[in-house]
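Here is the structure we will look at.
Throughout, protein chains are lettered first and strands after them, A, B, ... in sequence-line order, and every chain is numbered starting at 1.
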Amino acid sequence: MPISTVRRGEIVSWSRTLIPTAKDAPTDAEAPSHKLLSRGGYIRRVAAGVYDYLPLAWRVLRKIEQIVREEMNGAGASELLMPALTPIELFAETGRAEAYGPLLFRLEDRHGREAALGPTHEEVITELMRGVVSSYKQLPLNLYQIQTKFRDEFRPRAGLLRCREFIMKDAYSFHMNVEGKGGLNEAYDAMYRAYVNSFTRCGLDFTVVEAESGPIGGSASHEFMVNCESGEDTILRCPATGYAANVEKCEIGERPHSFEGEPTGPLEVVHTPDCPGIEDVSRFLKVKPPNMLKTLVFKRADGAGWVLAVVRGDHDANEGKVKAASGGAGGAVAMADEKEAKAAGFAIGYVSPRAALSVPNTLLLVDPDAAQGMDRAKGKPSFWAAGADRHDHHVKHFNWQREMGAVLKDHHRVRVADIRNAMAGDPSPRAPGAALEAKRGIEVGHIFKLGTKYSDAMGFAILDEKQEKRSVIMGCYGIGVSRTMASCVEMSHDADGIVWPLPIAPFHIIITPMRVEPDAPAMKAACELAGRLAASGFDVLVDDRDERPGVKFKDADLIGIPIRLTLGDKALAEHSVEFKERRDRESKGELVKMDAVVERCLRAAGSVK
RNA sequence: CAGGGUGUAGCUCAGCUUGGUAGAGCGCGGCGUUUGGGUCGCCGAAGUCGGAGGUUCGAAUCCUCUCACCCUGACCA
């Protein structure tokens with residue numbers, strides 16, 4: 001017997017479900033998605049960063065989940081479900097009980113045992129795998145779950161975009177090797193494709209960017225960002241090549257630099273009281289930030305000295321890049337502790353590049369835009385203001401060669417390197433002559449190559465084919481399901497309400513009969529039509545409320561159902577209904593004969609429903 | 001965590017300065033009216049004024065403490 005391949009749609013009456021729409025959004029809602037999901041009766045706030053998902057929202061979430069599920073299964077992953085409640089010992093094992101800090105929701109049971117509500121499940125799944133996988137023959141494996149996650153955010157905000165409790169799909173893959181068949185790269189690439197497929201099928205406009213792997217560790221990482229101006233994250237993109245990366249990761253193309261240039265005047269020390277930041281000094285000295293040198297103090301992780309990072313006043317130093325540029329001698333670096341740095345002789349807040357001369361074991365890293373003796377645009381020597389290495393004092397007319405001397409040529413002590421965050425207008429690292437563009441986005445997916453961080457920490461090693469015990473190599477892959485719903489609203493709405501893409505709309509079609517008494521022609525036609533549409537796979541919402549037309553139209557627009565079929569006297573007299581797509585704001589709608597409606601809707605839906 | 005702000009009816013808010021019977025609009029219930037873009041009219045239900053303590057004859061209002069929530073920043077798979 002063949003398996004039925006046609007999905008029968010669902011029919012729901014507005015009056016028999018819960019869709020509490022409202023004219024006003026709660027005052028605390030600012031983000032469009034927060035306002036519209038609240039007004040549209042999708043969500044209600046229960047506590048800070050904690051929400052009810054009402055029937056409409058739950059339908060959307062389940063549709064997103066289903067798409068993700070299909071793509072994950074198609075990519076060879078298997079679904080399981082792990083507990084949200086996790087004994088603290090598991091997080092202690094990898095040090096993340098500390099690393100996650102207050103972000104971890106902690107609780108204590110009646111016996112005084114500590115537990116945490118899972119923010120993510122690397123430890124839990126590694127613990128599981130450690131117990132059940134004992135041979136390389138069982139790998140590779142890719143396991144995922146869709147589940148509620150908990151993070152005690154310092155500041156939940158923007159409705160569903162940053163919650164303390166949210167729905168997430170997290171997947172973990174396990175391998176004996178990185179390259180080749182069954183390796184990490186193969187799974188990573190499969191996940192990359194599954195993510196592209198998932199977000200495309202959801203109808204999202206998104207960009208894939210290269211990303212830092214962050215505190216989770218690992219070696220490579222991509223973020224999937226929904227494009228929208230209200231996004232929290234800035235991404236940079238090369239228009240010539242399509243290269244895209246987030247601010248932390250984005251490389252900057254070649255920038256010419258040279259310390260050579262005549263002084264603009266004698267070095268002048270100026271008393272600058274109460275000027276802790278660049279902005280204050282800039283105002284006080286009447287010097288624009290692009291003419292100032294910002295010098296930050298980093299400490300080597302091994303304690304064997306310091307790294308000074310010099311960037312232009314209007315630029316931000318990038319810790320990851322500083323780390324990379326100072327690599328080799330002494331390993332990783334971290335922002336210096338203020339007390340410690342002061343004790344070593346740095347006048348924190350007033351440090352100049354010259355501090356590299358006076359404090360031993362100090363490497364000076366200079367960003368190319370700061371390493372300028374000549375102002376190229378103006379064709380004359382650069383004017384620089386900098387710290388005076390003395391509390392409440394700065395200097396004017398800083399000149400690299402005069403102030404630093406021969407040490408500039410010593411590559412063990414002074415290096416010029418890309419050490420700042422990229423900005424719009426910076427040269428592209430991939431195409432000469434092209435400039436990076438800045439866009440805003442919301443992160444909805446993130447994939448990582450973890451390597452052996454967790455398997456090492458938790459002792460998950462098995463024998464390979466050569467009888468050698470090796471740590472299992474891992475990858476992990478997340479999708480914020482509830483955030484995806486919210487970012488879709490951010491991306492797709494207008495003044496009247498939400499405009500859902502068809503694949504994740506709670507209902508494909510809303511039928512709006514003008515009269516709703518059970519024996520009214522409009523209501524009878526609505527029921528008949530709903531049945532035929534459902535048989536073709538459409539989910540149909542019938543607005544059977546005894547409300548004025550204006551109210552129904554406003555609500556239909558607000559909740560964002562892609563297709564509206566209106567049944568009024570005029571249309572019925574011609575055996576027709578009025579067909580209107582939500583995304584067409586201007587059009588009046590078209591009259592469609594009753595027996596052609598299903599076909600018209602199918603055409604509007606394309607091949608996807 | 002730092003700075004700022006708000007808590008009064010289901011929602012949006014007024015009242016607080018200058019203490020004296022707790023209000024409006026939307027929503028909700030009823031009646032009538034209207035019926036293609038949030039009709040109109042009348043009637044009605046609805047609030048321990050976030051909580052505790054204090055000052056006072058009397059506190060939504062003044063004082064102290066506390067709780068919750070929001071915004072900006074920092075933080076952030």
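If you measure from atom NZ of A/K23 to atom P of B/C13, you get 16 Å, rounded to the nearest angstrom. Spacing between atom NE2 of A/H34 and atom C1' of B/C70 amounts to 10 Å, rounded to whole angstrom units. Atom pair A/E30:CD and B/C71:C1' shows a separation of 6 Å (rounding to whole Å applied). At whole-Å resolution of the value, CG in A/D543 and P in B/G36 are 15 Å apart. Atom OH of A/Y51 is separated from atom P of B/C69 by 11 Å (rounded to the nearest Å). Rounded to whole Å, the distance from CD1 on A/I19 to C1' on B/G27 is 17 Å. Rounded to whole angstrom, the span from the CG atom of A/D569 across to the C1' atom of B/G36 amounts to 10 Å. Between the CG atom of A/D546 and the C1' atom of B/G38 there is a distance of 15 Å, rounded to whole Å.
Judged by atom type and distance alone, A/D555 reaches the base of B/G38 through a side-chain donor-acceptor pair under 3.5 Å. Below the 3.5 angstrom threshold, one finds a donor paired with an acceptor across the side chain of A/D557 and the base of B/G37. For A/R157 against B/G73, no side-chain N or O and base N or O form a donor-acceptor pair under 3.5 Å.
Both tests do not hold together for A/R45 against A/Y51: distance to the six-membered ring centre under 6.0 Å, angle to the ring axis within 45°.
Closest to the side chain of A/R515, from the set B/G36, B/U35, B/C69, is B/U35. The side chain of A/K570 approaches B/G36 more closely than any other nucleotide in the set B/G36, B/U12, B/U39. Side-chain atoms of A/R44 lie closest to B/G10 of the nucleotides B/U35, B/G37, B/G10. Closest approach to the A/P549 side chain among B/G27, B/U35, B/U39 is made by B/U35 (side chain taken as heavy atoms from C-beta onward). Listed nucleotides: B/C70, B/U35, B/U39. Nearest to the side chain of A/R45: B/C70.
Of the P atoms belonging to B/A59 and B/G50, the separation is 15 Å, rounded to the nearest Å. Atom name C1', nucleotides B/C63 and B/U56: the rounded distance is 12 Å, in whole Å. Using atom C1' as the reference point in both B/G37 and B/G41, the two lie 22 Å apart (nearest Å). With P as the reference atom, B/U12 and B/C71 are 14 Å apart, rounded to whole Å. Using atom P as the reference point in both B/C16 and B/U6, the two lie 15 Å apart (nearest Å). Only the C1' atoms considered, B/C40 is 37 Å distant from B/U48, to the nearest whole Å. Here the separation of B/A24 from B/C65, taken at their C1' atoms, is 33 Å to the nearest Å. B/G58 and B/G25 have their P atoms separated by 34 Å, with the value rounded to a whole Å.
Salt bridge A/E590/A/K580: absent, no basic N to carboxylate O contact under 4.0 Å. In this structure, A/D544 does not pair ionically with A/R16, as no charged nitrogen and carboxylate oxygen lie closer than 4.0 Å.
Look at B/G41: its Watson-Crick or wobble partner, with both distances under 3.5 angstrom, is B/C31. Using Watson-Crick or G-U wobble geometry with both donor-acceptor distances under 3.5 Å, B/C1 finds its partner in B/G73. In this entry B/C49 has no Watson-Crick or G-U wobble partner, no candidate having both defining distances under 3.5 Å. Across all strands shown, B/G25 forms a Watson-Crick or G-U wobble pair, both distances under 3.5 Å, with B/C11. When Watson-Crick and G-U wobble pairs are counted only if both distances are under 3.5 Å, B/G58 pairs with no nucleotide at all. Pairing for B/A68 goes to B/U6, judged as Watson-Crick or G-U wobble with the two contacts each under 3.5 Å.
Between A/D170 and A/R164, the residue anchored closer to the 5' end of RNA chain B is A/R164, taking for each the nucleotide with the nearest heavy atom. When each of A/G568 and A/A158 is assigned the nucleotide of RNA chain B with its nearest heavy atom, A/G568 is the one assigned upstream, toward the 5' end.
For the residue pair A/D205 and A/N227, a side-chain donor N or O sits within less than 3.5 Å of a side-chain acceptor on the partner. No side-chain donor from either of A/E210 and A/N246 sits under 3.5 Å from a side-chain acceptor of the other.
Between the side chain of A/R545 and the main chain of A/W14, no donor-acceptor pair closer than 3.5 Å is present. Without hydrogens or angle criteria, A/K169 side chain to A/Y477 main chain gives a donor-acceptor distance under 3.5 Å.
At a threshold of 4.0 angstrom between heavy atoms, the contacts of A/A29 with the nucleic acid are absent. No engagement by A/R483 is indicated, since no non-hydrogen atom pair under 4.0 Å with the nucleic acid exists. Using a 4.0 Å heavy-atom distance criterion, A/E547 is classed as making no nucleic acid contact. Nucleic acid contact class of A/R155 (heavy atoms, under 4.0 Å, all strands): base.
More than 12 heavy atoms of other shown residues, nucleotides or ligands fall within 6.0 angstrom of atom CZ in A/R69.
Using a 4.0 Å cut-off, no side-chain N or O of A/R548 falls inside it from OP1 or OP2 of B/G38.
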